[in-house]
Amino acid sequence: MLDHPSGLSAENDIALQKFGVGQPVRRKEDDTLVRGRGTYTDDINLPGQTYAWIVRSTHAHGLIKSIDIEAAKAMPGVLGVWTGKDLAGYTPFSVGLPLKNRDGSPLLQTNRLPLMTDKVRFVGDPVAFVVAETLAQARDAGEAVVVDIDALPSVTRAEDAAKPGAPLLYDYIPGNVVLDYHSGDDAALDAAFARASHVTRLDIVNTRLAVVAMEPRAALASYDKKSQRFTIEIPTQGVAGNRLSLAKTLNVPPEKVHLRTHHVGGSFGMKNANYPEYICILHAARELGRPVKWTDERSTSFLSDSHGRAQDVHCELALAADGAFLGVRVRGFGNLGAYITGVAPLPLSLNIAKNINSVYRMPLIGVDIKCVLTNTTLMGAYRGAGRPEANYFMERLIDRAADEMGIDRLAMRKRNFIKPAQIPYAAANGLTYDSGDFPGVFSKAVEQADVAGFAKRKKESRKRGKLRGIAVGSYLEITAPPSAELGKIVFEADGTVRLITGTLDYGQGHATPFAQVLAAQLGVPFDAIKLTQGDSDIVHTGNGTGGSRSITASGAAIVASSKLVIEKGKQAAAHVLEAAEGDMEFANGRFTIAGTDRGIGIMELAAKLRDSKMPEGVPSSLDVDHTVQGVPSTFPNGCHVAEVEVDPDIGNVQIVRYSGVNDFGTVVNPMIVAGQIHGGVAQGIGQALMECVTYDDNGQPVTGSFMDYALPRAGDIPSMT
């Protein structure tokens, strides 16, 4: 191998040009996945495994009078039938968020049990489960369980549930309100609205969505009697945090739970919480001494998976005579469903307050949201988790205000952007924006979309009998706050480099950009890097994937750990090359003695340390196990422009043009970023035009299958620029 005069490897130099940060490298996992060789939870089987079936309530609200399991227990192949009283000793599911009510008191807990013992609160509430030798036998026995429920009145809309006289889901939660969230200075807001030249008011329904990930939830549980240790295979968004949560519910130390996650077919927040079904099969695995498998069906996943969004809000924007913003208020209701678990209240409350500031100079923000229980499927995080909702509220307010005041919509936005010269900018949400050129992004988006030529396109559409509209929307997302993240680097004996971190890939493509970052830091071969995220015995720390934090959190951990590898490498290389440590330099995967061409590559050094006994004071390996104590929230932002045509005779809507300009800071892999944008736009189109979970007056879900719940298809998604 020839060396550059600088001591850099020519081969490494070329590799970094191909695989370095900023390169559109194809995803490492795609060859496996497109060939159908992925390993999802339902693909895993263990010797002697059994199968579980969950018995669910068909009533939205009611008292459990009795559960008759005798006939089910006697059926062929049945190994056990359990009800709520059998699992009553486990710790209930709760919420650990430090959110407080307006009066300073903590939010109220619903303390959900794995199986209901006294009352059901939504259609799909688990009341019993069966384990049998085959899935068919478990299903047949489940259908033989007789649940006698005394039906009670139900309520499905949050605003209705908070009214006096509404059916109470819990006797100890007045008005069904678990969190009366308040943020902002009421007196200052009142004064701003009083002096405003114009106030725009707007009621907005943010529709409830079913997540419907391609892969339904599934689980495979086993128990080792000798070690008294549970093992469970489930799709998650991070194994370290989910292991802690499961251990808490099971009343065992965390080391008694081994959680593994393999490929995950989508989640969008839904699989980031633990569910009753997991406790059920873990319990049965311990009782039976055999593995227990459960895989959800699409019809029950509509009932049992957490839903997203579901807000009814009244928004107000105060403006000066020239259209300058004076303050914004959001008041209303968030629908939590029947139980409060995971991070459910966060998207409905705090994340609205943090993100509604968006890219604008907004002196004052007030948010008052009542998070309310209803007889519906529980709520959870869903792609963006309050961030898209808040930006949507703001953009709708601006358009309405511009129309009411006779000011051009684009001009009003320009007038209120935070200017680059004002950054760092102390926003009213309590955060300081550290970067951004919001007017520049906006101007580029307007130019790219040819907004100036819209009038001509509208005229052409009219000739064809179509109506044409255009919308320009800016956004800014405040990513998740700091949390500890693991950056573990292991140089394996087979010549590969194992990267271990606590985020988790459920479709984003982490293996490639993470490897790009590591390759750029250490100069190790891109193809030699392997990523491990899904085994709690290996991944001891991490907050999982959520809040758009993966590349900032794991990326920062990789960078910090790489610096430690280099420090160890300089010590070791100095010994190997018989030089002073202070004379050692590192660049592009090679340690060299300053001012000379003598050096050693990092992979060669790792092998030498592994195969040789080093004297005291010299590192015996380059391996690093390091945890970064959190990186700050970041502020990705952008501006998207959409044009639609509407057929006025039949109401058909077609998106005919779509473009966006986005500022994501350092783009590690532009190909993956483009894919993320495509997916986000597709889900936005789904909510805007077709997706909406609906219940009837008795709390029965009307949209319980793909016959009733529409997802966008390929033909509904436009080409994007």
Side-chain angles (χ1 to χ4, degrees), residues 19 21 24-44 211 213-215 217-218 233-243 259-273 381-385 479-480 483 485-489 496-519 526-527 529-558 664 667-680 683:
F19 298 112
V21 170
V25 184
R26 291 192 176 187
R27 305 196 323 170
K28 283 174 172 273
E29 68 272 26
D30 282 353
D31 184 68
T32 297
L33 297 180
V34 299
R35 293 174 186 267
R37 295 174 180 170
T39 302
Y40 296 88
T41 301
D42 190 57
D43 295 323
I44 304 166
V211 176
M214 283 196 293
E215 177 206 26
R217 285 190 301 116
E233 325 268 351
I234 49 174
T236 69
Q237 292 184 195
V239 294
N242 278 274
R243 181 186 73 149
L259 191 159
R260 293 192 297 189
T261 293
H262 304 271
H263 287 122
V264 180
S267 173
F268 313 108
M270 180 267 290
K271 293 173 182 169
N272 201 32
Y382 178 75
R383 193 164 192 165
T479 62
S483 60
E485 192 50 71
L486 176 64
K488 188 173 180 179
I489 300 170
T496 61
V497 180
R498 177 75 57 183
L499 172 61
I500 302 164
T501 187
T503 55
L504 198 141
D505 178 3
Y506 51 89
Q508 293 88 346
H510 286 182
T512 302
F514 289 6
Q516 289 176 259
V517 174
L518 185 61
F526 174 84
D527 290 331
I529 300 170
K530 297 180 179 179
L531 176 65
T532 295
Q533 297 176 301
D535 190 325
S536 68
D537 280 1
I538 301 172
V539 182
H540 55 74
T541 307
N543 203 37
T545 291
S548 302
R549 66 182 292 277
S550 293
I551 196 62
T552 53
S554 286
I558 293 167
F664 299 141
V667 175
V668 177
N669 187 311
M671 183 186 299
I672 289 179
V673 168
Q676 286 284 305
I677 296 173
H678 288 173
Q683 285 179 288

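Side-chain atoms are counted along with the backbone in the values below, which use heavy atoms only and exclude waters and symmetry mates.
- With a 4.5 Å cut-off on side-chain heavy atoms, L499 and I489 count as touching.
- The two residues Y382 and Q683 come nearest to each other via the heavy atoms OH-NE2, 2.9 Å.
- Heavy-atom minimum distance, F526 versus T512: CE1-O, 3.8 Å.
- Of all non-hydrogen atoms in P235 and A218, the two that sit nearest each other are CD-O, 3.1 Å.
- Smallest separation of non-hydrogen atoms from A381 and A385: CB-CB, 4.0 Å.
- Going from atom CG of L518 over to atom OG of S554 covers 12.0 Å, rounded to the nearest 0.5 Å.
- Rounded to the nearest 0.5 Å, atoms OG1 (T503) and CD (E485) are 5.5 Å apart.
- Contacts of T496 classified as side chain to side chain donor-acceptor pair (under 3.5 Å), with partners at least two apart in sequence or in another chain: D494.
- The shortest side-chain heavy-atom distance between L531 and T501 falls under the 4.5 Å cut-off.
- N242 CG to T236 OG1: the interatomic distance, rounded to the nearest 0.5 Å, is 5.0 Å.
- The ring-ring contact (aromatic ring centres under 6.0 Å, His included) test applied to Y40 returns H263, not counting sequence neighbours.
- When the side-chain contact (heavy atoms from CB on, under 4.5 Å) test is applied to V539, the partners found at least two apart in sequence or on another chain are V239, L486, I500.
- Residues forming a side-chain contact (heavy atoms from CB on, under 4.5 Å) with H678 (at least two apart in sequence, or on another chain): M720.
- For A480 against G546, the heavy-atom pair with the smallest separation is CB-O, 4.0 Å.
- E215 pairs by the side chain to side chain donor-acceptor pair (under 3.5 Å) definition with K271, not counting sequence neighbours.
- In this structure S550 satisfies the side chain to side chain donor-acceptor pair (under 3.5 Å) test together with H510, T545, sequence neighbours excluded.
- Here CZ of R26 is found 12.0 Å from CD1 of I672. Values are rounded to the nearest 0.5 Å.
- At least one test fails for K28 against the ring of F514: distance under 6.0 Å to the centre or angle within 45° of the axis.
- To the nearest 0.5 Å, atom CD1 of residue I551 and atom CG of residue N669 are 9.5 Å apart.
- Between I677 and F664, the closest side-chain pair of non-hydrogen atoms falls below 4.5 Å.
- The closest side-chain heavy-atom distance from D43 to H262 is not below 4.5 Å.
- Between the side chain of R549 and the backbone N or O of G544 there is at least one donor-acceptor pair closer than 3.5 Å.
- Rounded to the nearest 0.5 Å, atoms OH (Y506) and OG1 (T261) are 12.5 Å apart.
- In terms of heavy atoms, G266 sits closest to A213 at O-CB, 3.4 Å.
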